[in-house]
Amino acid sequence: MTADHSATGAGTGTAPHPGTAPAALPPLHCLRLLEPGPPRLAALPTGTPVWLVSRHTDVRQVLTDPRLGRAPLYAPDAPPVTRAPNLLDDPTALLNIDGVEHQRLRRTVQRAFTPRAIARWRPWVASVVDGLIDELIEQGSPADIVAAYTRPLPVAVISRLMGLDLLDSKRLEHWSDHALATTAYPPQAIRAAMEEFAGFGTEVIAERRAAPGDDLVSGLLAAADDTPGITEEQIVTLVIGLVVAGHETTMTSLGNALVYLLGEGRDAWRQLAADEQSAAAATEQLLRAVPLGDADVLPGLLRRAVEDVEIGGVRIPAGSVVAADVGAANSDPAVFTGDLLTELFSPLAASSYTFGAGPHHCLGAWLARMELELALHRLARRLPALRLTAPQDAIEWRRGLLTRSPQRLQVAW
């Protein structure tokens with residue numbers, strides 16, 4: 001869940017499912033990251049000039065400085081920053097508004113995602129994890145751990161949290177893949193899927209207004225009714241955005257973490273099983289060190305300057321697009337001196353920006369952390385001999401989306 005509730009089919013679309021790369025790709029933890037340094041000019045895939053900001057301190061400034069906002073990216077004079085429409089491009093969405101309006105909309109849901117609120121869900125999430133591992137073991141070795149574990153876990157959690165227990169997982173996969181598509185589908189297919197997804201959100205909202213329950217959507221509607229200025233369009237976008245963001249980042253992070261832990265990080269598997277504290281430390285390091293996607297698809301968390309601003313000794317002119325390269329900042333050698341092999345169970349040396357920072361810090365960060373901790377610890381404890389059945393260069397990746405993770409991951413034990 002990068003940004004406010006993220007930084008993602010099967011079903012009715014006519015375009016192909018984001019599928020296997022034509023050539024082998026490295027796992028995301030093996031990518032060469034931008035060398036941290038002063039802001040430098042580059043270009044987005046649209047051709048729009050962008051200032052790449054890569055140092056840990058400078059990235060924090062980009063994400064917290066009020067002179068650098070999301071809303072200006074959608075001003076009438078703004079240059080294009082995406083090649084295809086997706087869920088993140090709605091200018092009325094929580095991610096793309098700033099200041100007082102942003103805080104007013106964010107308050108409708110943020111109480112459900114505080115550490116204290118998430119802690120109440122921990123026993124239930126643990127039971128879901130255990131149930132999926134039971135099913136995996138019963139299914140037998142070998143198995144595709146994406147289909148059996150990394151995808152259904154976050155889907156089950158966000159569905160329960162939002163009261164969507166009957167949501168068809170294939171429809172959700174279809175909508176999510178289109179919602180965060182970059183090149184996987186043609187624009188008309190993305191628009192059609194988003195219209196269908198918005199229709200689903202509208203139906204859910206109507207049902208909860210008629211019969212409120214003890215779920216996130218009902219709570220959001222009650223808070224919105226008490227908050228002037230929130231439009232119906234914003235509520236619909238918030239609901240479907242939470243559905244996508246509530247599972248996409250966790251699924252992506254968990255799959256990519258297993259690629260590392262069952263490969264180069266295999267020696268850590270036993271310690272990961274030892275206790276939840278070790279798993280919590282490892283989760284933080286994995287979230288820091290393993291990007292969610294390729295930098296050539298999304299070079300960073302985008303902002304636009306509303307006035308001249310100096311970042312890292314470089315003057316950025318008003319109107320410029322700025323990309324906070326989270327991957328580079330999370331590996332800045334001036335701050336983080338070790339690597340995953342040496343630091344996996346160590347406390348973070350400084351803040352990680354995987355979930356952003358400042359006003360748009362990811363709402364679901366604590367939920368994602370908790371799911372990853374439990375999923376990794378309990379899987380390592382139950383299946384100490386878990387291993388990949390093929391080399392990493394044979395992995396089939398989800399492509400053409402803002403995130404990248406294994407399409408399938410065959411394991412044995």
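Excluded from the calculations below are hydrogen atoms, water molecules and symmetry mates; all remaining heavy atoms, backbone and side chain alike, are included. None of these values were measured; they are calculated from a predicted model.
Side-chain atoms of His56 and Asn330 form no donor-acceptor pair, as typed in the model, at a separation below 3.5 Å. A donor-acceptor contact under 3.5 angstrom links the side chains of Ser405 and Arg398, judged on distance only. Of the N and O atoms on the side chains of Asp165 and Ser159, not one donor lies less than 3.5 Å from an acceptor on the other residue. Side-chain N/O atoms of Ser278 and Asp275 include a donor and acceptor closer than 3.5 Å. Using a 3.5 Å distance cut-off with no hydrogens or angles, the side chains of Trp175 and Glu196 do pair a donor with an acceptor.
Counting only distance, with no hydrogens or angles, the side chain of Thr237 and the backbone of Gln234 share no donor-acceptor pair below 3.5 Å. At least one donor-acceptor pair under 3.5 Å links the side chain of Thr202 to the backbone N or O of Ala198. Looking at Arg55, its side chain does come within 3.5 Å of a backbone N or O of Gly312 through a donor-acceptor pair. Checked by atom type and distance alone, the side chain of Asp58 never pairs as donor or acceptor with a backbone atom of Ser54 at under 3.5 Å. No side-chain donor-acceptor contact under 3.5 Å links Arg378 to the backbone of Ile133. In terms of modelled atom types and a separation under 3.5 Å, the side chain of His178 and the main chain of His174 share a donor-acceptor contact.
Taking every heavy atom of both residues into account, Ile311 and Pro39 meet most closely at O-CG, 3.3 Å. Across all non-hydrogen atoms, the minimal contact from Ala117 to Arg111 is CB-O, 3.5 Å. Nearest approach of Ile118 to Ala112, heavy atoms of both residues: CD1-O, 3.8 Å. Between Ala268 and Leu344, the shortest heavy-atom contact is CB-CD2, 3.4 Å. Of all non-hydrogen atoms in Pro72 and Asp98, the two that sit nearest each other are CD-OD2, 3.5 Å. In this structure, Leu44 and Leu302 approach most closely via the heavy-atom pair CD2-CD2, 4.2 Å.
A salt bridge does not link Glu343 with Arg288: every distance from a Lys NZ or Arg NE/NH1/NH2 to an Asp or Glu carboxylate oxygen is 4.0 Å or more. Between Glu232 and Arg209, at least one side-chain nitrogen of the basic residue sits less than 4.0 Å from a carboxylate oxygen of the acidic one, meeting the salt-bridge criterion. A salt bridge does not link Lys170 with Asp168: every distance from a Lys NZ or Arg NE/NH1/NH2 to an Asp or Glu carboxylate oxygen is 4.0 Å or more. Of the charged side-chain nitrogens involved, at least one lies within less than 4.0 Å of a carboxylate oxygen, so that Arg382 and Asp134 count as a salt-bridged pair.
Between atom CZ of residue Arg40 and atom CD of residue Glu35 there is a gap of 7.5 Å, rounded to the nearest 0.5 Å. Rounded to the nearest 0.5 Å, atoms CG (Leu34) and OG (Ser331) are 11.0 Å apart. The CG atom of Leu220 sits 11.0 Å away from atom CZ of Arg208, with the distance rounded to the nearest 0.5 Å. Rounding to the nearest 0.5 Å places CG of Leu374 at 11.5 Å from CH2 of Trp124. With rounding to the nearest 0.5 angstrom, the CG atom of Leu261 is 10.0 Å from the CG atom of Leu386. Note that CG of Leu161 and CG of Asp215 are 8.5 Å apart. Values are rounded to the nearest 0.5 Å.
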Audit row: Glu276, Arg122, salt bridge (charged side-chain N to carboxylate O under 4.0 Å, His left out) steps and yes/no: CA-CA 12 Å; Glu276 291 187 4; Arg122 193 176 187 92; 3.0 Å; yes
Step-by-step side-chain contact (heavy atoms from CB on, under 4.5 Å) determination, Leu286 to Ser253: CA-CA 8 Å; Leu286 289 162; Ser253 296; over 6 Å; no
Worked check of side-chain contact (heavy atoms from CB on, under 4.5 Å) between Leu363 and Leu94: CA-CA 11 Å; Leu363 276 167; Leu94 181 63; 3.8 Å; yes
Test log, rule side-chain hydrogen bond (donor to acceptor under 3.5 Å, both in side chains), inputs Ser127 and Asp130: CA-CA 5 Å; Ser127 72; Asp130 288 340; over 6 Å; no
Steps toward side-chain contact (heavy atoms from CB on, under 4.5 Å) verdict (Val321, Trp51): CA-CA 6 Å; Val321 177; Trp51 287 93; over 6 Å; no
Test log, rule side-chain contact (heavy atoms from CB on, under 4.5 Å), inputs Asn256 and Trp397: CA-CA 10 Å; Asn256 288 327; Trp397 299 96; 3.4 Å; yes
Arg404 and Asp294: CA distance, side-chain angles, deciding distance, salt bridge (charged side-chain N to carboxylate O under 4.0 Å, His left out) verdict: CA-CA 7 Å; Arg404 174 154 73 88; Asp294 299 289; 2.8 Å; yes
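The side chain to side chain donor-acceptor pair (under 3.5 Å) with Asn96 is formed by just one residue from the set Arg70, His102, His360; it is Arg70.
Contact check for Val157 versus Trp121: no side-chain heavy atoms found under the 4.5 Å cut-off. Between Pro406 and Val259 there is a side-chain heavy-atom pair separated by less than 4.5 Å. Residues Tyr74 and Asp90 form no side-chain contact, since every pair of their non-hydrogen atoms from C-beta on lies 4.5 Å or further apart. Side-chain contact between Arg303 and Asp65 is absent, with no heavy-atom pair separated by less than 4.5 Å.
Counting non-hydrogen atoms of other residues, nucleotides and ligands closer than 6.0 Å to CZ of Arg266 gives a total above 12. Shown here is Trp366, whose CH2 atom has no more than 12 heavy atoms of other residues, nucleotides or ligands within 6.0 Å.
Scanning for side-chain hydrogen bond (donor to acceptor under 3.5 Å, both in side chains) contacts around Arg191 gives an empty result, with sequence neighbours left out.
Among pairs with a residue in residues 257-298, those fulfilling ring pair (Phe, Tyr, Trp, His ring centres under 6.0 Å) read His29-Tyr260, at least two apart in sequence or across chains.
Both tests do not hold together for Arg387 against Trp413: distance to the six-membered ring centre under 6.0 Å, angle to the ring axis within 45°.
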